[in-house]
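Here's the structure we're looking at; comments come further down.
Below, read A as the first sequence line, B as the second, and so on, with proteins coming before strands; counting in each chain starts at 1.
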Protein chains: 2
Amino acid sequence: MVTLADVARHAGVSASTVSYVLSGKRSISASTRERVESSIQHLGYHPHAGARALPGGRPRVIALMMPLRTDVYVPVMMEIALAVATTVRARGYDILLLTGEEGPSGVRRIERGALADAVILMDVELDDDRLPLLRASARPAALIGMPADTSRLHCVDLDFAAAGALCVEHLAGLGHRDVAVIGEASAVYARRTGFAERTLDGLRTRSRELGVRLLHLPCEGSRTVAATLTRILEQRPATTAFVVQNEAATEPLLTLLRRQRLAVPGKVSVMAVCAEQTAVHASVPLTSIAVPAQKMGRRAAEQVMAQLAGERNAEGEVALFEPELTVRNSTGPRSHETS
Amino acid sequence: MVTLADVARHAGVSASTVSYVLSGKRSISASTRERVESSIQHLGYHPHAGARALPGGRPRVIALMMPLRTDVYVPVMMEIALAVATTVRARGYDILLLTGEEGPSGVRRIERGALADAVILMDVELDDDRLPLLRASARPAALIGMPADTSRLHCVDLDFAAAGALCVEHLAGLGHRDVAVIGEASAVYARRTGFAERTLDGLRTRSRELGVRLLHLPCEGSRTVAATLTRILEQRPATTAFVVQNEAATEPLLTLLRRQRLAVPGKVSVMAVCAEQTAVHASVPLTSIAVPAQKMGRRAAEQVMAQLAGERNAEGEVALFEPELTVRNSTGPRSHETS
DNA sequence: GAGAGGTATCGAAGCGCTTCGAGTGCAAGG
DNA sequence: CCTTGCACTCGAAGCGCTTCGATACCTCTC
């Protein structure tokens, strides 16, 4: 193992000089810098991670807490995680992966063990039990997802309320008056996940404003889509449009509608709030509002980087992405035949 | 921050005694141990991660290198990753997440920086460029996936060759004589991913033995399934069974067959080598061989743990899981009508 | 041309932890 | 009773790195 002392010896300077070349915290003459840098190259020196973390030093690691749940759509989580990893890596940081299972005790472990310089939490609930710890801590942090109280926190999310509103506007603009919402599994609402609840708020508020009748039903998974659809058509036979926020339900829904001879978008319109990929690859390409997973991951990473760079903003910052609606083949004007 | 010295002071012993209580490397009297342990509890002591990593010490971190690719099925990767994370966490280790993008230089970084005690690599290619580094290194390692040369390596994988063979056996047993294989994207074969190639070997060998005619076509994604199916039916109109090893293609294939009035399993049989979830939730529940993602992750984690515990096996160990075929609703006896 | 101020470098201390060698006290053995 | 060996504990050294003075030299300025 090559140490800093080896580099110093090779370059004919003291260890501290090498350290300052590396950190840039004191001025170094150009000639010395070059000599040291070439020694580093030549010996293939890499700082020892543990030693770097020692005094008040930064381990150059970001902790990322990822959910273990199976009721969230995994590819989106993954895309976020990889965007975070790529972004921080570009700045010389590594990612420590924690599972959501660990909850507050995971945050405490990071804190106590000085394992990481900053924390990024995914799958944040409206009233998340990890937040008090985060607020009490001096450690930079960012949330992906928005809790109810965002004071003194840094958050990144899609503006799901606006997304909900945008769905209603689009459908109302096409003449639809009866819209059904096929939502996430009831467990997702039960544990008060922000995005699901906010989307619903947006849908409801705008529906009321535009005089659209809205029926919302949670949907447990792909197997229960049929039952959900049946209930919708019984309770609201006049339904001509569906908003789906449940990755597992989109394709089964399209299949069922096809089987029932409800042409999309001829007879009924379908739109989704989902991953771009899901919408594009559906058997009927779906008009959708995409969850900007990659952007969110990158932005959260940048938030903690900025905090680490000393641009501490004690007030926090909420970065909400504007929803963008992409019209594809699954929505059209309301059909006036009775279904 | 509570340090080991604080604990020592509180317990009225020396720092080294506390250290020995923690590591168990020397005998400690019961009374002292109790006193120290209660001080640890009382003060909420957590060892400082950096300091622990210092001398020859173990940082208690496992590096996990995960692919960034989009042509692998993400949920399986995720399941493996989370199984690894959960398993090592139970033993007090943390996970450092690297992206596959980093390639060999990522491995080198771990090595040089002493960032992790061991490495687990996912998405291993037959002739992976990270392997020479691993072999040269003293650091414990495990691969998820099997390279061509496994000497001195620890690997975990499903026995994909056996899986391929098992598929053919099952279909031949039902009387099928013309089988089409819808495979992964051609890029997957091009970069010589072990699992795809081995499955194909198994399929081909057993087909030859059992007198089954086999046609293999790669499939780029869900959009190209139709073209692939057309080519199959043109080249081998007698085809009565399909083996799918491509998560994105399964559902579109079922939809297409339905549209062409090829009842499953009445007219044609379909089976898959895929995630359990995909098979169960398909519109026709699929006879399948599941990829035991969770088991693989856990086993790889256990392999490195064993190596860390000193059970170093310089010869390596290849843990191949026996494929298990679950019969569902998608395979049946060959129909003797002409399709 | 002496002090002020700046730049470039060094030595030493110390971060929290592990580990080695040494030391204490005690029981058993000669 | 003295040695031997064992069980237990301590002090000190040192891991690789950062950082804080201190030092040496150089360039201005009055």
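- Legend: salt bridge (charged side-chain N to carboxylate O under 4.0 Å, His left out) pairs involving residues 96-107 of chain A, not counting sequence neighbours, sorted by first then second residue: A/E102-A/R109, A/E102-B/R89.
- Counting only residues at least two apart or in different chains, salt bridge (charged side-chain N to carboxylate O under 4.0 Å, His left out) contacts with residues 295-304 of chain A comprise A/R299-A/E317.
- Annotation: side-chain hydrogen bond (donor to acceptor under 3.5 Å, both in side chains) contacts of B/R192 (sequence neighbours excluded): B/E197.
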TODO: For nucleotides 4-11 of chain C, just jot down a letter per nucleotide in 5' to 3' order: B, S or -, based on protein non-hydrogen atoms under 4.0 Å.
DONE: ---SSBBB
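- Residue B/K25 contributes atom NZ, which lies 18 Å from atom C1' of D/dC8 at whole-angstrom precision.
- Between the axis at the start and the axis at the end of the helix from C/dG1-D/dC30 to C/dG30-D/dC1 there is an angle of 50°, using five pairs per end and rounding to 10 degrees.
- For the segment residues 2-11 of chain B, the set of residues with a heavy atom within less than 4.0 Å of an atom of DNA chain D is empty.
- Checked against salt bridge (Lys or Arg N to Asp or Glu O under 4.0 Å), B/D6 has the following partners two or more places apart in sequence or in another chain: B/R9.
- For the side-chain hydrogen bond (donor to acceptor under 3.5 Å, both in side chains) test, residues two or more places apart in sequence or in another chain that qualify with B/T32 are B/S29.
- Salt-bridge check for A/R191 with A/D123: passed, with a basic side-chain N closer than 4.0 Å to an acidic carboxylate O.
- At C/dC17, none of the side-chain N or O atoms of B/S19 fall inside 4.0 Å of OP1 or OP2 (strictly under the cut-off).
- When the side-chain hydrogen bond (donor to acceptor under 3.5 Å, both in side chains) test is applied to B/S16, the partners found at least two apart in sequence or on another chain are B/S14.
- Annotation: side-chain hydrogen bond (donor to acceptor under 3.5 Å, both in side chains) contacts of B/R26 (sequence neighbours excluded): none.
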Side-chain donor-acceptor distances from residues 81-88 of chain A under 3.5 Å, at least two apart:
| from | atom 1 | to | atom 2 | distance (Å) |
| --- | --- | --- | --- | --- |
| A/T86 | OG1 | A/L82 | O | 2.7 |
| A/T87 | OG1 | A/A83 | O | 2.7 |

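- Residue A/H48 places its side chain closer to D/dG16 than to any other of C/dC17, D/dT19, D/dG16.
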Under 3.5 Å, which donor-acceptor pairs link side chains of residues 36-44 of chain A to any protein atom two or more places apart or in another chain?
| from | atom 1 | to | atom 2 | distance (Å) |
| --- | --- | --- | --- | --- |
| A/S38 | OG | A/R35 | O | 3.3 |
| A/S39 | OG | A/H10 | ND1 | 2.8 |
| A/S39 | OG | A/R35 | O | 3.1 |
| A/H42 | ND1 | A/H10 | NE2 | 3.4 |

